[in-house]
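The analysis underlying the following values was restricted to heavy atoms, covering all of them including side chains, and did not include hydrogens, waters or symmetry mates.
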Amino acid sequence: MGGGEETKTGEEEKLFDLNDYTIIKEGEAEILMHTKNEVFYNKTQVNNRDMSIAVLRTFISKRKEEHEALLSKRIKKVLKVSEDRDSGSDPPTDSPKPNGKPNGECEEKPDNEPCDTCAEPEKLPEGKGQGELKPPRVLEALSASGLRALRYAREVEGIGQVVALDNDKASVEACRRNIKFNGSVATAKVESNLADARVYMLTHPKEFDMVDLDPYGSPSVFLDSAVQSIADGGMLMCTATDMAVLCGGNGEVCYSKYGSYPLKAKYCHEMALRVLLACIESHANRYKRYIVPVLSVQMDFYVRVFVRIYTSAGAMKNTPLKLSYVYQCTGCDSFHLQPLGRTVSKNTSVRYLPGFGPVVPQECSDCGKKYNMGGPIWSAPIHDQDWVTSILSDVKSMKARYPAFDRISAVLTTISEELPDVPLFVSLHSLCATLKCTSPSAVVFRSAVINAGYRISGTHVNPLGLKSDAPMDVIWDIMRCWVKKYPVKAQPPEHSGSVILAKEPVLQANFARAVASLSKAQAKKVARFLPNPERHWGPKLRAGRTITSKHASLLGPETVNGILNNNEEQGEEPEAKQ
């Protein structure tokens, strides 16, 4: 045994030869990266990690507030019962069943409220152990170098244990090395395990308050086990980087992975978010659980969603009301949503029925072309504006602690001004391309929509995207009025734009400047859409791939040349592609 320990110590000393490693510092964490690209590290995901830390900080504070509110409610309930007993006014024993429902069924509550009737009687919290809120446990299911887990442990106050998993031995060794390298706080809070994330999550049901999924590609294979490993009221943070699949490049692949068919349209990136949310909801429903999105972001080359997960068989019935199919015209930008389900209320009972359809005729009422159908997608709100406001204020108050402050504050600012209840959006330039006309300024178009009595906002997904609750016939009427002011050249009669312009507008648009045509951020000239910080910004190579000159488009020629020159100096030859 002694000889084995000496060998192990020698190996560790060899591993920590800093000549073979580059020290990378991000936030308060530092990691050692081998020059051979043995373990995956993606510099561009600093935006992702910063956003996750901001959400995690807000989650911890909200979780504490919710716990205190629940304790207060229970204390009041216990005190009221004790007062009733002291006064001798016990509740009658022959009273009807709770809420007048047969078989003891309870009245449905809002999404995240537990039912008072069927809850077990709680005792008054006494002492430290009873009613105490434990620090949240976090699972990073695909840790690689462990940078994200280390940043959580070192930068987020009030966090408990962080479990970092990976099924690659080199990654786990690197993670453990980085844990030691980051000192006592990291050693006390972070543990690294060699395990298949799916098996680990299945064997630890409802044990984690937050699960982070950030795979290289699609997260679909991890979702079923992830939704089972999260405690009630916990949070799932999920990234998908397979944007070509989610945005309609491979519709059949998207359906096989996510259970939804995407459409190629200007709103495809927002549709990607909604496809991912619908997929998570589908997996959660299998276990009588449902999701409540608090933040959904499309940034750089990926989508990232943050959802709370709750258990309730009653609230789960509302899922069909939150999902819709999308009908997209092949000739113009008109789109329409078809909800999967509807409800009919009678007295205190609620019946769940299939949605009415079809919502569109066989041919587009605007241009006469056929429709493509996609979905189902999540058509309920994808953000909680209260959370967004809290996250943004927290980020601004701790500016120095976020390496990607400029980018994430810009994204959060834009999200805070989005219309929360309007799925998808239209593109002003795309509308004008259909009609072959000059484009009005965004302020002029926004003013016309507001003057017509509708709401309108931007979207964080696309600088030219506009969300509005105005129906498509109103949008086209505004554009017809615009073309009357600024005529266009005659187009072939079968052209979609010609068909649209051939109709007289029912609504007479008013293009006078409206007060709300500029958002607060625009009025204050706050940056909302920032360029990439450097060239070749995007996903990097998978771990284990030999870096050659052909990777210049991903990493940049300077980086590639530096690595190749370094290998030549060390007398190494590039390995053949496996």
Give a yes or no on this: more than 12 heavy atoms of other residues, nucleotides or ligands lie within 6.0 Å of atom [atom1] of [X].
X      : atom1 : value
Gln362 : CD    : no
Phe405 : CZ    : yes
Lys399 : NZ    : no

| query | Can Glu66 and Arg308 be said to form a salt bridge (charged side-chain N to carboxylate O under 4.0 Å, His left out), step by step? | reply | CA-CA 13 Å; Glu66 290 168 5; Arg308 305 282 301 271; 2.9 Å; yes

For the residue pair [X] and [Y], establish whether any side-chain heavy-atom pair is separated by less than 4.5 Å.
X      : Y      : value
Arg274 : Leu424 : yes
Leu276 : Cys238 : yes
Ile456 : Ile450 : yes
Met235 : Asp209 : no
Gln298 : His460 : yes
Glu26  : Arg151 : yes
Ser52  : Asn48  : yes
Ile377 : Ser260 : yes

| task | Decide if the gap between the ring center of Trp387 and the ring center of Phe306 is smaller than 6.0 angstrom. | result | no

Assess whether a salt bridge exists between [X] and [Y], defined as any Lys/Arg side-chain N lying under 4.0 Å from an Asp/Glu carboxylate O.
X      : Y      : answer
Arg407 : Asp300 : yes
Arg289 : Asp232 : yes
Lys484 : Glu504 : yes
Lys369 : Glu363 : no
Asp386 : Lys62  : yes

Any donor and acceptor pair, going by atom type alone, linking the side chain of [X] with main-chain N or O of [Y] inside 3.5 Å?
X      : Y      : result
Trp378 : Pro293 : no
Arg154 : Glu28  : yes
Ser498 : Glu494 : no
Asp366 : Ile500 : no
Ser365 : Pro361 : no
Asn510 : Asn451 : no
Asp477 : Pro505 : no
Ser416 : Thr413 : yes
Ser439 : His429 : no
Ser517 : Arg513 : no

| query | Taking only residues two or more places apart in sequence, or in another chain, which ones meet Met373 in a side chain to side chain contact (heavy atoms under 4.5 Å, CB included)? | reply | Tyr325, Tyr327

Whether the [X] and [Y] side chains hold a donor-acceptor pair (N or O, under 3.5 Å, no angle test) is what I'd like checked.
X      : Y      : result
Asn462 : Ser427 : no
Glu418 : His383 : yes
Thr319 : Asn285 : yes
Tyr152 : Asp212 : yes
Ser218 : Tyr258 : yes
Ser334 : Trp476 : yes
Asn318 : Tyr352 : yes
Asp394 : Tyr402 : yes
Ser345 : Arg351 : no

| request: Could you walk me through whether Glu68 and Lys64 pass the side chain to side chain contact (heavy atoms under 4.5 Å, CB included) test, one step at a time? | output: CA-CA 6 Å; Glu68 289 171 355; Lys64 188 176 179 182; 3.5 Å; yes

Looking at every non-hydrogen atom in both residues, tell me the closest pair between [X] and [Y] and how far apart they are.
X      : Y      : answer
Lys436 : Val488 : O-CG1, 3.4 Å
Gly27  : Glu155 : CA-OE2, 3.4 Å
Ile478 : Phe511 : O-CZ, 3.6 Å
Val499 : Pro493 : CG2-O, 3.7 Å
Thr434 : Ser496 : CG2-CB, 4.3 Å
Ser430 : Asp333 : OG-OD1, 2.6 Å

| said: Walk me through whether Val156 and Ile60 qualify under side chain to side chain contact (heavy atoms under 4.5 Å, CB included). | reply: CA-CA 9 Å; Val156 182; Ile60 289 173; 3.4 Å; yes

| Option from Asp406, Leu392, Val297 for which side chain to side chain contact (heavy atoms under 4.5 Å, CB included) with Val411 holds | Val297

| query | Looking at Ser379, Ser282, Ser296, which hits side chain to side chain contact (heavy atoms under 4.5 Å, CB included) with Leu277? | reply | Ser296

Can you list, pair by pair, the side-chain donor-acceptor contacts under 3.5 Å of residues 262-269, counting residues two or more places apart and other chains?
unit_1	atom_1	unit_2	atom_2	d
Tyr267	OH	Gln328	OE1	2.6

| said: On the six-membered ring of Phe356, is Arg342 placed so that its NZ or CZ lies under 6.0 angstrom from the centre and within 45° of the ring axis? | reply: yes

| After noting the C-alpha distance and the side-chain angles of Phe445 and Leu431, does the key distance pass the side chain to side chain contact (heavy atoms under 4.5 Å, CB included) rule? | CA-CA 11 Å; Phe445 185 80; Leu431 294 173; 4.1 Å; yes

| Audit row: Arg57, Glu157, salt bridge (charged side-chain N to carboxylate O under 4.0 Å, His left out) steps and yes/no | CA-CA 7 Å; Arg57 283 181 174 138; Glu157 294 177 8; over 6 Å; no

| Passes side chain to side chain contact (heavy atoms under 4.5 Å, CB included), Leu223 versus Leu213? Steps please. | CA-CA 9 Å; Leu223 293 178; Leu213 289 177; 4.0 Å; yes

